> 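Pasting in a structure now, in structure tokens, and then I'll have a few things to ask.
No experiment lies behind these values; they were computed from the predicted model shown. Values below: all heavy atoms of this structure, side chains included; hydrogens, waters and symmetry mates excluded. The first residue of the sequence shown is numbered 1, and numbering continues consecutively from there.
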Amino acid sequence: MPKQTSAARRTSIAGLLAATSLALALALSGCADYDVTAPADARADAPAAAVQAKDAQLAAAKGAKNADGKNADGKNGDAKGSQGAGQTTAPGGAGDVDCRQAKCVALTFDAGPSENTPRLLDILKKEKVHATFFMLGENHVDKRPAEVKRIDAEGHELANHTWSHQILTDIKPEEAKRELSRLQDAVRKITGKTPRLMRPPQGRTDEEVSKISKDLGLAQVLWSVTAKDYQTNDSALITKRVLEQTERDGIILLHDIYKGTVPAVPGILKELKKRGYTVVTVSQLLSPAKAEPGMVYRP
């Protein structure tokens, strides 16, 4: 893949048409401009200290694996060490995978947790995959704190999708801030951790939303792959749509609130593995860079 040349490329909302689920939002919100940073750009522009720290983490992880029974060629010295499909997926820590070298794609889920989330977590645990969960507050986080705790405990990334899915560009700044901060507070109360990433509903953002996000310590994350799973419960169609759109450094958007989505996940992961992808969280995709508050990230 050719190296991208700019740290932050200027785009318009009209330029987000590659994410087809944004089309309606684009028509409604006009042509406001904002800067978008691609994952490859973020990695390329990571501070030297962050790059050195990342390389040290990778070296330490490699050394630990060798000390744990690996041969010099990286193969398991004990046949019991084989993990099947899990071998090609990213471990939980950002230091365990290097998306500067690996063919990475980030897996994200919006609008949960829901009654489908426990099954999804079972699947991800079996496949040794970690994802980023952009969670809603009202009727989700507030009703399912056990699922929030489990998402965190199993190494997934906690992220913000607002309290009640209001369109942030359509409400007053103080209301937008409350939509985000209320979710932050709820997740912190449950897990002791505060999300550092947020996804604006419908992907709609602008300079004011970016300012609010920066003030709250939140980076904004859009997407490049959508299955439009809000339109169908056909798991085969959801799988097909994801696989047709996925490219290196992509960000996959799914929803764990719809019945057809979770059953599609095993097939999606199996085929991504077959195609040589390493499935990661958003923060792993950006590493050694760290998501900067207020900025908008999209492949």
> Working to the nearest 0.5 angstrom, can you tell me the gap between Q184 CD and T194 OG1?
6.0 Å
> Measure the spacing between CG of L243 and CG of L272 and express it to the nearest 0.5 Å.
5.5 Å
> Would a hydrophobic clustering, with Ile, Leu, Val, Met, Phe, Trp and Tyr connected at side-chain separations under 4.5 Å, put V51 with V97?
no
> Grab the two heavy atoms, one from L168 and one from M198, that are nearest each other, plus how far apart they are.
CD1-CE, 3.9 Å
> Membership question, hydrophobic clusters at under 4.5 Å side-chain separation (ILVMFWY): are Y34 and I171 in the same one?
no
> Is a salt bridge present between K126 and D122, judged by a nitrogen-to-oxygen distance below 4.0 Å?
no
> Same cluster or not: are F134 and I212 linked, directly or through other Ile, Leu, Val, Met, Phe, Trp or Tyr residues, by side-chain heavy atoms under 4.5 angstrom apart?
no
> From R43 CZ over to T37 OG1, what is the distance, rounded to the nearest 0.5 angstrom?
12.5 Å
> Locate the shortest heavy-atom distance separating Y297 from E292; write the atom from each residue and the value.
OH-N, 2.9 Å
> Just wondering, do F109 and V265 contact through their side chains at under 4.5 Å, heavy atoms?
yes
> Work out which heavy atom in R196 is nearest to a heavy atom in A291; give both atom names and the distance.
NH2-O, 3.4 Å
> Salt bridge check: are R275 and E271 linked by an N-O gap of less than 4.0 Å?
yes
> First locate atom CD1 of I190, then atom CG of D152, and finally report the distance between them rounded to the nearest 0.5 Å.
10.5 Å
> We want to know whether S210 and Q220 form a side-chain donor-acceptor pair, criterion being a heavy-atom distance below 3.5 angstrom.
yes
> Tell me, do Q231 and K228 make a side-chain contact under 4.5 Å, heavy atoms counted?
yes
> Any side-chain donor paired with an acceptor under 3.5 Å for T117 and D256?
yes
> Is V296 close to D35 at the side-chain level, that is, under 4.5 Å between some pair of heavy atoms?
no
> For K103, is the NZ atom crowded, meaning more than 12 foreign heavy atoms sit under 6.0 Å from it?
yes
> Could you tell me if the side chain of T232 sits less than 4.5 Å from the side chain of R241, heavy atoms only?
yes
> What are the two closest non-hydrogen atoms of L183 and L136, and how far apart are they?
CD2-C, 3.8 Å
> Is the shortest distance from a Lys or Arg side-chain nitrogen in D98 or K54 to a carboxylate oxygen in the other one below 4.0 Å?
no
> Under 4.5 Å between side-chain heavy atoms, counting indirect links through other Ile/Leu/Val/Met/Phe/Trp/Tyr residues: same cluster for F133 and W163 or not?
yes
> Which heavy-atom pair separates S235 from A264 by the least distance, and what is that distance?
O-CB, 3.5 Å
> Flag the pair E147 / P118 as yes when at least one side-chain heavy-atom distance between them is below 4.5 Å, and no otherwise.
yes
> Can a salt bridge be assigned to the pair R100 and D55 using a cut-off of 4.0 Å between side-chain N and carboxylate O?
yes
> Sub-3.5 Å donor-acceptor pair from the side chain of S224 to the main-chain atoms of I251, do we have one?
yes
> Side-chain contact, heavy-atom cut-off 4.5 Å: L124 with L107?
yes
> Between the side chains of R199 and T108, is a donor N or O closer than 3.5 angstrom to an acceptor N or O?
yes
> Only one of D229, T226, N116 passes side chain to side chain contact (heavy atoms under 4.5 Å, CB included) with H255; say which it is.
D229
> Salt bridge (charged side-chain N to carboxylate O under 4.0 Å, His left out) for E244 and K240? Distances and angles first, verdict last.
CA-CA 6 Å; E244 284 179 345; K240 179 175 181 289; 2.6 Å; yes
> Does V105 share a hydrophobic cluster with I123, counting links as ILVMFWY side-chain heavy atoms below 4.5 Å and allowing steps through other members?
yes
> Tell me whether the rings of H156 and H130 are parallel (<30°), tilted (30 to 60°) or perpendicular (>60°).
tilted
> Does a donor on one side chain and an acceptor on the other come within less than 3.5 Å for E157 and S283?
yes
> Please give me the minimum heavy-atom distance between V279 and L269, naming the atom from each residue.
CG2-CD2, 4.1 Å
> Do T132 and V280 pass the side-chain contact (heavy atoms from CB on, under 4.5 Å) test, and can you show the C-alpha distance, the side-chain angles, and the key distance before you say yes or no?
CA-CA 8 Å; T132 301; V280 297; over 6 Å; no
> Does any pair with a residue in residues 176-187 pass salt bridge (Lys or Arg N to Asp or Glu O under 4.0 Å), and if so which ones, sequence neighbours excluded?
D185-R188
> Between CZ of R119 and OG of S114, what distance do you get to the nearest 0.5 Å?
11.5 Å
> Just by distance, do the side chain of S164 and the backbone of E138 share a donor-acceptor pair under 3.5 Å?
no
> For D110 and L254, what are the C-alpha separation, side-chain angles and deciding distance, and is it a side-chain contact (heavy atoms from CB on, under 4.5 Å)?
CA-CA 6 Å; D110 279 15; L254 293 169; over 6 Å; no
> Between Q245 (side chain only) and V242 (backbone N and O only), is there a donor and an acceptor less than 3.5 Å apart?
no
> Under 3.5 Å, side chain of D142 to main-chain N/O of H140, donor-acceptor pair present?
yes
> Under 3.5 Å, is there a donor-acceptor pair between the side chain of E175 and the main chain of K172?
yes
> Could you measure the distance from the CE atom of M295 to the CG atom of L286? Nearest 0.5 Å is fine.
9.5 Å
> Please examine the side chains of L121 and I151, heavy atoms only from C-beta on, and report whether any two atoms are closer than 4.5 Å.
yes
> Got a donor-acceptor contact below 3.5 angstrom from the N160 side chain to the L180 backbone?
yes
> P293 versus L218: any side-chain heavy-atom pair under 4.5 Å?
no
